[in-house]
Amino acid sequence: MGAVGVVAVAWPFIDEMNPSAAVLALSSTEVDISPVAVGQQVVVKWRGHPLFVRHRTAKEIAEAKAVNVSDLPDPLARNSNLPDSAPATDANREFKPEWLILVGVCTHLGCTPTGFEGDYGGWLCHCHGSQYDTAGRIRKGPAPANLQVPPYSFLSDTRIKVG
Amino acid sequence: MSGQSTYTPKTGLEKWIDQRLPLPRLMHDTMTTFPTPRNLNIWYTFGGILTFCLGVQIVTGIVLAMHYVANADMAFDSVESIMRDVNYGWLMRTIHSTGASMFFLAVYIHMFRGLYYGSYKAPRELIWIIGVLIYVLMMATAFFGYVLPWGQMSFWGATVITSLFSSIDQVIPHLGTAITTWLWGDFAVGDATLNRFFSLHYLLPFIIAGVVGLHLWALHVPGNNNPLGIDVKSPQDTVPFHPYYTVKDAFYLCCFVALFALFVFYAPDFFGNPDNYQKANPLVTPPDIVPEWYLLPFYAMLRSIPQKLIGVLVLVGSLVTLVFVPWLDTSRVRSCRFRPLMKQFFWAFAVDCVILGYCGSQSVDAAAFGVPLVWVARLGTLYYFGYFWVLMPIIGLIETPKKLPTSIAQSVLGEPAAAPAE
Amino acid sequence: MMRTAFSLGLAMGLLATAPALTPALALDTTKLPVKKVDFSFDGPFGTYDQAALQRGFQVYKEVCSACHGLDHIAFHNLDEAGGLGFTEAQAKAIAAGYKIPADPNDKGEIFDDKGTRLTRPGTLADKFPNPFANEEAARANNDGNLPPDLSLIVKAREGGAHYVYSIVTGFHLNPPKGFTVTAGKYYNPYFEGWNIGMPPPLTDNAVTYSDGTKATVDQEAHDVATFLAWASDPKMEERKRVGFGALVFLIVLSGLLFFSYRKVWADLH
């Protein structure tokens, strides 16, 4: 009885620190992807983080698909739209192969990697040298995980809703 | 030494107050007649200096809080307004930011004094542990405080350190992310985070003040240790705190304040980072993210471990280790003055901390004389843990200490050519 | 200062490792150390040269303000003690020369019939207006580069005023063999990576100084660096003055306390 009382009193004090309604309302963003040409990337803001919207070339898609998942330092898809155990195949990193939507936060210490740099043509994080491939998967460097794929869906061919 | 109070009120007013609230008695017993070893040296003045620093930070902090705005869009500009428009705002802000560095300079000297003279040994273990708690609270306060100006280093330092909690995901999936979201109040460091850091930054110093009270209360049970590490045996070993140590502390405090003033007025940005004069930008990461100097050794230890979760555990472990020091050291002799072997490892430890600090200040791929600093940091971390967990237990058992003097009085007054207690 | 010391150590370390670890073709594009130049405000007794401040302000106004804002400086700062030495009347006149977006008129309008934003002359209370409405406009007008605000630039860069001076005078060198300047950027070895987005801003006689001083690039650079140092730290002179008094007081007090300490302890032996 006492424990129930304590938890009941404590919970509001703990929950008030969780994201407020105002923050949650901003947690969803719609992005018009039509201005992004093939071979280009734009960075938009989503939940305070940079979001990479990359329009991949056929070459980049082919390179990503050719990689063996067992060669990857992180074998998991890190895709919020899929179960946690999904493997990091290129197909599990996006809905449409030419559109790569990734959270632009290096999984090492949170810096923003630079696109089209590094040995794998994907991203290079200048902070500590992590290198990601054209599917945003970690290949070299201290980052422990692939770049996160956020929860998103295509509202139309030219518009996505993230979060 | 706690015992019967010898206080007799001198004036009618004192008697009236003392009968209702024994504060005059407390002041008398702890700061006037309190028997203090007669051989305390300069390193024993830093406790008083620390109390002064806490007072300065609280007073300047409250003044700054009258002008500071804890909102992500306005924080940086409000600090610039303090520096430019508020009367003597530049002075308040500079004293507060420099004061934080002086506070940590003093606390490190205070802690190293404790390690050298064995002040953590029985019966003073709890004073030491309470001191570790004060130190951790200081680190938290400084961390929150540094975020408030909302510069690039404020923002990115907050991002890096709070993101460490997400490493818990490797042990319990989703728990780490849930904790970081709860800490941030958002999905990234932002306005919600800034506001709560301000609230906590205002709160913690008062908690520190309370814990300092416990620290002093615990100290007054056995009384001060001293550079010889031997117990007080008779009244000849001590002098009343006032006037001997009030005047000595006042002198050294004045010297400390002079050094403090040198930085405040002639090198106000010495301890700072130029990147923090740029407004926080969540989309642009600075080339090197570094905390303030006093957190650098721990930053170096964290970065030296490639695995994120292990790095966090090493960081936490380095602080938790300090709690066990009273039991890790097996020596029967307190003071390193009489421990020729331990003394050398102590100084090596001090140098190790400086080296770790240097490693923490440089970028992760930096090297010195051809050696990558990350390897230097790893060796430094190894020595840090080895000093406490291996050397302290072993040296105490195998070392032959020097002969201890029979008493403090004999050591101070015995030889005719004895130098006055420094 | 600490960072400079550590950076020197790092530079030594890098120089030691570079031949061993980097391939022969890769150039080390670390920025050059800042140029050695004297400023009147250097050192514990340095002050701002008022004539240099006013000339530097002229350079800012006529050259830099086309792209760079000075967000934290208000017009009333121009007649403050320890600064440019303008009178209040002069500062008011400078302010009045600027157009500030006006508050809504009695009809609640902020645009005129043609859709242009209504403006009013500046007053002492106003801050220097930004050349661009927002970051996107700034980038669009500068090939995607964002010209940083200059009100804190001297404190926000390692090397301070020396760095600013080195950058604006560092454009005349030719890139070394093997280094290709990125398209749309300019070669400046005092900038990290050697590619800077800003075109060379200063030329000889880019301004005509009202006090008749010869306006060489070096002079303009020196003056604008002095002005920007003031913009970052307008309280410097007051700080050093108060500091001198405080330190003299503290040294005397320390001396007195030392003698008290010795006296109190003397009777113990």
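What you are looking at is a predicted structure, and each value in this text was computed from that prediction instead of being measured. Naming: A, B, ... by sequence-line order, numbering from 1 per chain.
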Need one label for [X]: side chain, backbone, both or neither, based on atoms under 4.5 Å from any heavy atom in chain B.
| X | value |
| --- | --- |
| C/Pro234 | side chain |
| C/Lys240 | both |
| C/Phe249 | neither |
| C/Leu247 | side chain |
| C/Ile153 | neither |

| query | Can C/Asp233 and B/Arg84 be said to form a side-chain contact (heavy atoms from CB on, under 4.5 Å), step by step? | reply | CA-CA 8 Å; C/Asp233 193 4; B/Arg84 294 164 190 273; over 6 Å; no

| field | Top contributor to chain C interface from B/Ala250, B/Pro243, B/Cys254 [non-hydrogen pairs under 4.5 Å] | value |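 Heavy-atom pairs under 4.5 Å are most numerous for B/Cys254.
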
| request: Name the orientation class of the two ring planes belonging to C/Trp265 and B/Tyr244 (parallel below 30°, tilted from 30 to 60°, perpendicular beyond 60°). | output: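 Judged by the thresholds at 30° and 60°, the geometry between C/Trp265 and B/Tyr244 is perpendicular.
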
| task | Report the relative orientation of the aromatic rings in C/His72 and B/Phe76; use parallel for angles under 30°, tilted for 30 to 60°, perpendicular for over 60°. | result |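 Geometry flag for B/Phe76 against C/His72: tilted rings.
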
| query | With a 4.5 angstrom heavy-atom cut-off, which part of B/Leu262 approaches chain C: side chain, backbone, both or neither? | reply |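 Both parts, backbone and side chain.
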
| query | Which answer fits B/Phe256, side chain, backbone, both or neither, if we ask what part of it has an atom under 4.5 Å from a heavy atom of chain C? | reply |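 For B/Phe256, neither part sits under 4.5 Å from chain C.
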
| field | Derivation and outcome, side-chain contact (heavy atoms from CB on, under 4.5 Å), residues B/Val247 and C/Lys263 | value | CA-CA 10 Å; B/Val247 74; C/Lys263 183 157 179 285; over 6 Å; no

| task | State, with a plain yes or no, whether a side-chain heavy atom of B/Phe251 is found less than 4.5 Å away from one of C/Leu256. | result |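 A side-chain contact under 4.5 Å is absent here.
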
| Hey, are the side chains of C/Arg157 and B/Gln278 touching, using non-hydrogen atoms and a 4.5 Å cut-off? |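 Yes. Closest side-chain heavy atoms under 4.5 Å.
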
Minimum heavy-atom separation for [X] and [Y], please, with both atom names.
| X | Y | answer |
| --- | --- | --- |
| B/Val239 | C/Leu268 | CG1-CD1, 3.8 Å |
| C/Arg239 | B/Val264 | CD-O, 3.8 Å |
| B/Met83 | C/Lys235 | O-CG, 3.6 Å |
| C/Phe244 | B/Tyr266 | N-OH, 3.0 Å |

| said: Checking B/Phe265 against C/Glu238 for the side-chain contact (heavy atoms from CB on, under 4.5 Å) test, could you report, in this order, the C-alpha distance in whole Å, the side-chain angles of both residues, the deciding distance, and whether it holds? | reply: CA-CA 9 Å; B/Phe265 294 105; C/Glu238 188 184 349; over 6 Å; no

| side-chain contact (heavy atoms from CB on, under 4.5 Å) between B/Thr246 and C/Tyr261: does it pass, once the steps are laid out? | CA-CA 9 Å; B/Thr246 41; C/Tyr261 157 51; over 6 Å; no

Interatomic spacing from [atom1] in [X] to [atom2] in [Y] - rounded to 0.5 Å:
| X | Y | atom1 | atom2 | value |
| --- | --- | --- | --- | --- |
| B/Asp85 | C/Asn77 | CG | CG | 6.5 Å |
| B/Asp77 | C/Asp71 | CG | CG | 7.5 Å |
| C/Lys155 | B/Asn273 | NZ | CG | 13.5 Å |

| query | Got a sec, which pairs hit side-chain hydrogen bond (donor to acceptor under 3.5 Å, both in side chains) with one end in residues 33-44 of chain C, sequence neighbours left out? | reply |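 Residue pairs with at least one partner in residues 33-44 of chain C: C/Lys35-C/Thr169.
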
| said: Tell me which of these, C/Ala231, C/Pro148, C/Ala74, has more heavy-atom pairs under 4.5 Å with chain B than the rest. | reply: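 Among the listed options, the one with the most contacts to chain B is C/Ala231.
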
| Any idea which of C/Pro44, C/Gly43, C/Ser151 has the most non-hydrogen atom pairs under 4.5 angstrom with chain B? |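 Ranked by contacts with chain B, first place is C/Pro44.
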
| said: With a 6.0 Å cut-off (strictly less than), is the heavy-atom count around CZ of C/Phe179, excluding the residue itself, greater than 12? | reply: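 It does: C/Phe179 CZ has more than 12 such atoms within range.
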
